[in-house]
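Structure first, then comments.
Chain identifiers are assigned alphabetically (A, B, ...) following the order of the sequence lines, protein sequences preceding nucleic acid strands; residue numbering begins at 1 within each chain. Note: hydrogens, waters and symmetry copies are ignored here, and every other heavy atom, side chains too, is used.
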2 protein chains.
Amino acid sequence: MAAEPVTRGRPREFDPEEALSAALQVFWTRGYEGASLAELTEAMGITKPSLYACFGNKEALFHKALDLYERDKLCYMRSALDAPTARGVAERLLRGTLQIQTGGSDPRACLGVISMVACTTQADSIKTDVIARRASSDKALVERLERAKAEGDLPAGVEPAAIATYLTAVIQGMGVQASGGATPAQLEQLVETTMAMWPTV
Amino acid sequence: MAAEPVTRGRPREFDPEEALSAALQVFWTRGYEGASLAELTEAMGITKPSLYACFGNKEALFHKALDLYERDKLCYMRSALDAPTARGVAERLLRGTLQIQTGGSDPRACLGVISMVACTTQADSIKTDVIARRASSDKALVERLERAKAEGDLPAGVEPAAIATYLTAVIQGMGVQASGGATPAQLEQLVETTMAMWPTV
DNA sequence: CCATTTTCATACCGATCGGTATATAGGCAT
DNA sequence: ATGCCTATATACCGATCGGTATGAAAATGG
């Protein structure tokens, strides 16, 4: 994070990080295609030319919002992998997801889930990006579970990749239920049930 | 299904059921908001005035498409409840979902999942409808699992409502993964893993 | 044969979409 | 003070959105 090199010309009157954070909220509630430039600029408190000068265009803005989302909201995913046992990893992942989904006003799915399911039209660049990020995080989870299996932390018959896919599916399904109006209590119950299903060594 | 009462005036040149089926395909791949009237009319082989005369408007068309979807694609849900055991119910639900998602060209989520997650803008009528249908199907599943528990078909500590929510989440997560480019083999593996997790009596 | 009724094809409607041209305002360095 | 450079504000762009007005075409009832 180097300081601004020089400030030539009129200084901008908004904080790009604050604006990006506001854009993220809009994308999160509306999805990529559902978020209009009018909504975005109003939430960000800037005009369209400022948005384009600072962020490029709507698509570039979304990619930057995804960066911020991973950095701010999905950081629990990395720290979850530090749990001592596979069971602990699963529980941290589930509880972290629960916290994100129920943190705002009303529960909603992960932004990645929304983008994967919703983006259909010409937004293959968006979808490709989201899928790549998901694949990277899946890879880390699989590696962690492989280590767990080597440490005797998973039953012998359990394939790490398979259980990673399974856990991811439950987490994504939680997001769908959140989008469908599930209450925080229901989502927490889902976490409990999933943990009760987790295989014992 | 009464026959057409009388045919006065110029007869229509298309089959409404075929047109509706084509519209369903478009909605299923594009989502409600992502499907444009241009795409719809082209796929249906009719013009916009014909669409509006026959189906009302885009929203009414979607509701009718949802009816058709439930009738044609989701019928396995009802028959799954006829399985003799709770485990059989779960397996039929999972395999039925797998079949639907991998039946077309490339895997995709259930239309209900797409609609719940994606519809954000003014389409609360759409979302309300989808959520109500989901609630109805959830209710049937819960009742079936309650019966299973009464029959000693579920472990004592398992709450029917909780495991119904859990199973629904896995199924919805399967849809998200299908949207995210999962292969049929991966989806089948997810079914296997979920079944391996299913509690034993 | 004609009037009526309904559908079809075309062209059009206002609103909104993402994106920009233009001109003004506000900071630096000289 | 004067250029110079950049951000701002406003108005505008073509394209597309969902939805319709209009008139011709195709069937029936009389």
Check your understanding: Nearest nucleotide by nearest heavy atom, which residue falls closer to the 5' end of DNA chain C, B/P11 or A/A38?
Key -> B/P11
Review item, side-chain donor-acceptor pairs of residues 187-200 of chain A, under 3.5 Å, at least two apart:
{"from": "A/E192", "atom 1": "OE2", "to": "A/R95", "atom 2": "NH2", "distance (Å)": "2.9"}
{"from": "A/T193", "atom 1": "OG1", "to": "A/Q189", "atom 2": "O", "distance (Å)": "2.9"}
{"from": "A/T194", "atom 1": "OG1", "to": "A/L190", "atom 2": "O", "distance (Å)": "2.8"}

Practice item. Check if the side chain of B/R10 and the base of D/dA25 share a donor-acceptor pair of N or O atoms closer than 3.5 Å. Key: yes
Point to revise | Interatomic distance, A/I46 CD1 vs D/dA9 P [rounded to whole Å] | key: 10 Å
Point to revise | B/I126 CD1 to D/dG18 P, straight-line distance once rounded to whole Å | key: 12 Å
Check your understanding: In residues 47-61 of chain B, which residues come under 4.0 Å of DNA chain D by heavy atom?
Key -> B/K48, B/P49, B/Y52, B/N57, B/K58
Can you give me every donor-acceptor pair (side chain of residues 159-173 of chain A, partner residue at least two apart or in another chain, under 3.5 Å) with its distance?
{"from": "A/T165", "atom 1": "OG1", "to": "A/A161", "atom 2": "O", "distance (Å)": "3.0"}
{"from": "A/Y166", "atom 1": "OH", "to": "B/Y166", "atom 2": "OH", "distance (Å)": "2.5"}
{"from": "A/T168", "atom 1": "OG1", "to": "A/D138", "atom 2": "OD1", "distance (Å)": "3.2"}
{"from": "A/T168", "atom 1": "OG1", "to": "A/A164", "atom 2": "O", "distance (Å)": "2.8"}
{"from": "A/Q172", "atom 1": "OE1", "to": "B/Q177", "atom 2": "NE2", "distance (Å)": "3.2"}

Check your understanding: Rounded to whole angstroms, how far apart are CD on B/E42 and P on D/dG18?
Key -> 14 Å
Check your understanding: Can we say A/K139 and A/E143 salt-bridge, meaning some charged N sits less than 4.0 Å from an Asp/Glu carboxylate O?
Key -> yes
Exercise for review: Round to the nearest Å and state the distance from B/E39 atom CD to D/dT16 atom P.
Suggested key: 12 Å
**Study point:** B/L37 vs A/F14, nearer the 5' end of DNA chain D by closest nucleotide
**Key:** A/F14
Exercise for review: Select one nucleotide: of D/dA27, C/dA9, C/dT6, the one nearest the side-chain heavy atoms of B/E13.
Suggested key: C/dA9
Check your understanding: Residues in side chain to side chain donor-acceptor pair (under 3.5 Å) with A/R78, at least two apart?
Key -> none
Review point. Within this structure, what is the OH-to-P distance between B/Y32 and D/dC17, rounded to whole angstrom?
Key: 14 Å
Exercise for review: Write out all pairs satisfying side-chain hydrogen bond (donor to acceptor under 3.5 Å, both in side chains) with one or both partners inside residues 105-117 of chain A, taking only residues at least two apart or from two chains.
Suggested key: A/Q25-A/R108
Practice item. Using atom CG of A/L40 as one end and atom C1' of C/dG19 as the other, report the distance to the nearest whole Å. Key: 13 Å
Point to revise | Partner set under ring pair (Phe, Tyr, Trp, His ring centres under 6.0 Å) for A/Y69, not counting sequence neighbours | key: A/W28
